[in-house]
There are 2 protein chains.
Amino acid sequence: MPRRWMAGPPWLYERLHGCGYRYTLPREAVLQVLTQTPEHLSAEDIYFLVHARYPQIGLTTVYRTLDLLVRMGIVVKFDFGDGRARFELAAHSGGKSHHHHLICTLCGRVIDYSDFLEKEKELLQTTQKGLSEKYNFEITDHLIQFYGKCQQCKNAEKQAERR
Amino acid sequence: MPRRWMAGPPWLYERLHGCGYRYTLPREAVLQVLTQTPEHLSAEDIYFLVHARYPQIGLTTVYRTLDLLVRMGIVVKFDFGDGRARFELAAHSGGKSHHHHLICTLCGRVIDYSDFLEKEKELLQTTQKGLSEKYNFEITDHLIQFYGKCQQCKNAEKQAERR
DNA sequence: TCCTTATTGAAAATAGTTTCCATTTTCATT
DNA sequence: AATGAAAATGGAAACTATTTTCAATAAGGA
């Protein structure tokens with residue numbers, strides 16, 4: 001039976017119970033933050049946002065909850081190379097639809113894009129098939145990221161040159 | 001003038017001096033390890049191998065040296081998601097030719113493969129062009145990795161099921 | 001050889017994340 | 001609604017990879 005404080009996605013209760021997990025406030029609060037904030041939040045970001053509304057929820061629990069949600073496939077964990085993990089809601093759980101990331105190596109900015117995914121799908125299919133045959137390796141996931149210089153950093157560089 | 005102890009790649013001296021850096025024993029030792037060991041070594045792995053021959057070289061220096069070599073483009077730094085960086089010699093510096101990585105999410109094993117790179121090249125070109133036009137983002141690098149279950153882990157799973 | 005400056009090594013600091021453990025909470029069963 | 005077993009929590013401490021600090025050392029141009 002749903003709780004009075006249940007304000008997150010209505011499927012969470014069922015989903016947790018289906019896997020033998022309990023429905024708790026921290027779990028709802030974390031998921032709510034991820035649902036309402038479409039950015040690439042770090043565990044600490046999420047902790048602050050959760051903590052603002054529920055000060056009793058600790059950082060440890062946020063980490064544990066994120067880990068659980070990732071294991072359940074509800075949340076996706078990314079590594080943009082700055083030493084801390086980022087989390088976003090999986091597409092099929094109400095998150096942004098399938099997209100990739102452009103990462104600026106100068107300022108760390110992350111740009112989502114969802115163009116050119118057709119080519120990628122092709123690549124994945126070919127590769128997946130070939131590799132599973134050749135190495136008997138079962139691909140379950142992939143990571144495609146592009147690194148470079150964003151518009152803002154390029155402009156800043158030009159400015160610096162003029163002086 | 002080359003040192004008596006120079007045993008690493010002969011171009012290292014020139015390369016370092018060309019960038020205003022000094023030619024030192026730790027730098028040579030680290031590069032020598034990377035040249036002789038085609039695996040995906042962590043900083044600590046490299047430290048142990050270097051330390052075996054030159055016990056006076058410290059871990060800090062290994063980190064610093066790797067950082068320098070990465071910045072110079074001689075070494076490539078990877079992140080396979082296990083919390084520590086891995087290093088390999090860049091293809092144009094005598095390392096393995098261009099390849100990608102299959103990462104087993106169960107045992108952490110990393111398999112190099114260099115098939116299916118044509119499709120990837122196509123993808124990169126299309127994407128690079130499109131993104132630089134649309135977002136004014138200058139792509140300088142990319143990361144493509146596949147995750148899944150390796151043959152050994154699949155077999156182990158089957159074994160476990162039989163019991 | 002001398003001298004400036006880059007480089008080094010050891011120890012301490014840092015940062016993100018995980019573990020420990022006593023307490024609290026969930027929820028199936030009374 | 002009360003009970004109790006097991007799961008979940010929070011805070012502190014631990015842990016791990018990496019970085020910084022700083023005094024001592026070494027490189028290499030003069």
Side-chain angles (χ1 to χ4, degrees), chain A residues 1-6 8 12-31 40-48 50-51 53-72 75 77-87 108, chain B residues 1-6 12-31 40-48 50-51 54-72 75 77-87 108:
Chain A
M1 202 190 300
R3 295 297 178 283
R4 218 187 3 286
W5 43 267
M6 191 181 204
L12 182 59
Y13 181 87
E14 311 297 338
R15 203 87 156 58
L16 285 168
H17 273 239
C19 297
Y21 299 119
R22 293 178 181 177
Y23 186 78
T24 67
L25 180 58
R27 286 172 184 176
E28 177 184 322
V30 166
L31 195 56
H40 315 97
L41 301 172
S42 68
E44 206 182 16
D45 292 336
I46 294 166
Y47 166 69
F48 282 133
V50 163
H51 199 258
R53 195 198 283 245
Y54 306 104
Q56 75 276 25
I57 295 177
L59 179 57
T60 305
T61 300
V62 170
Y63 270 107
R64 268 189 300 231
T65 301
L66 287 169
D67 183 57
L68 180 73
L69 295 174
V70 168
R71 275 187 286 117
M72 290 176 72
V75 167
K77 185 176 182 176
F78 283 98
D79 180 353
F80 296 151
D82 63 348
R84 48 182 152 171
R86 308 306 187 96
F87 301 86
Chain B
M1 203 190 300
R3 293 298 179 282
R4 220 191 358 288
W5 42 266
M6 191 181 203
L12 181 59
Y13 181 88
E14 311 296 339
R15 203 85 157 59
L16 286 168
H17 273 239
C19 298
Y21 300 118
R22 292 179 182 176
Y23 185 80
T24 67
L25 179 58
R27 288 171 183 176
E28 177 182 322
V30 167
L31 195 56
H40 316 96
L41 301 172
S42 68
E44 206 182 17
D45 293 336
I46 294 166
Y47 166 69
F48 281 133
V50 162
H51 198 258
Y54 306 104
Q56 75 276 23
I57 295 176
L59 179 57
T60 306
T61 300
V62 170
Y63 271 108
R64 269 190 297 233
T65 300
L66 287 169
D67 183 57
L68 180 72
L69 295 174
V70 167
R71 276 188 284 118
M72 290 176 72
V75 167
K77 185 177 182 175
F78 283 97
D79 180 353
F80 295 151
D82 64 347
R84 49 182 152 169
R86 308 307 186 95
F87 301 86

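Proteins come first, then strands; the chains are lettered A, B, ... in the order of their sequence lines, and each starts at number 1.
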How does protein reach along nucleotides 1-9 of chain D, written 5' to 3' as B (base within reach of a heavy atom under 4.0 Å), S (only sugar-phosphate), or - (no contact)?
-----BBSB
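- A:Y23 has its OH atom 19 Å from the C1' atom of C:dA28, to the nearest Å.
- Nearest heavy-atom pair across B:F87 and B:A43 is CE1-N, 3.9 Å.
- Residues from residues 80-87 of chain A that place a heavy atom under 4.0 Å from any atom of DNA chain C, listed by number: A:G83, A:R84, A:A85.
- In this model, the phosphate group of C:dC27 is approached by a side-chain N or O of A:H17 to a distance below 4.0 Å at OP1 or OP2.
- Residue B:D67 contributes atom CG, which lies 12 Å from atom P of C:dT8 at whole-angstrom precision.
- Atom CD of B:E28 is separated from atom C1' of C:dT8 by 16 Å (rounded to the nearest Å).
- The minimum heavy-atom distance between B:D79 and B:D82, with the atom names listed, is OD1-N, 4.3 Å.
- The backbone N or O of A:S42 lies less than 3.5 Å from a partner atom in the side chain of A:D45, making a donor-acceptor pair.
- Between the B:R27 side chain and the B:R22 main chain, a donor and an acceptor come within less than 3.5 Å of each other.
- Summarising the geometry, the separation between CG on A:L59 and P on C:dA15 is reported as 14 Å, rounded to the nearest angstrom.
- Both A:E44 and A:T60 lie near DNA chain C, and the one whose nearest nucleotide falls closer to the 5' end is A:E44.
- If you measure from atom OH of B:Y47 to atom C1' of D:dA17, you get 15 Å, rounded to the nearest angstrom.
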After noting the C-alpha distance and the side-chain angles of B:L16 and B:M72, does the key distance pass the side chain to side chain contact (heavy atoms under 4.5 Å, CB included) rule?
CA-CA 9 Å; B:L16 286 168; B:M72 290 176 72; 3.9 Å; yes
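- The heavy-atom pair separating A:V70 from A:K77 by the smallest distance is CG2-CB, 4.1 Å.
- For D:dT19, the OP1/OP2 oxygens have no side-chain nitrogen or oxygen of B:Y63 closer than 4.0 Å.
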Carefully, step by step, assess A:R71 and A:D67 under the rule side chain to side chain contact (heavy atoms under 4.5 Å, CB included).
CA-CA 6 Å; A:R71 275 187 286 117; A:D67 183 57; 3.2 Å; yes
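- The distance from atom CG of B:L12 to atom P of D:dA27 is 14 Å, rounded to the nearest whole Å.
- In the helix from C:dT1-D:dA30 to C:dT30-D:dA1, the terminal helix axes, each the rotation mapping four pairs' C1' atoms onto the next four within five end pairs, subtend 30°, rounded to 10°.
- Closest non-hydrogen pair, A:Y23 versus A:H17, comes out as N-NE2, 4.1 Å.
- In this structure, the CG atom of A:D79 is 12 Å from the P atom of D:dT18, given to the nearest Å.
- Centroid-to-centroid, the aromatic rings of A:H40 and A:F80 come within less than 6.0 Å.
- Taking each heavy atom of B:L59 and B:Y47 in turn, the nearest pair found is N-CE1, 3.3 Å.
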Is there a side chain to side chain contact (heavy atoms under 4.5 Å, CB included) between A:R64 and A:T61? Walk through the geometry before answering.
CA-CA 5 Å; A:R64 268 189 300 231; A:T61 300; 3.5 Å; yes
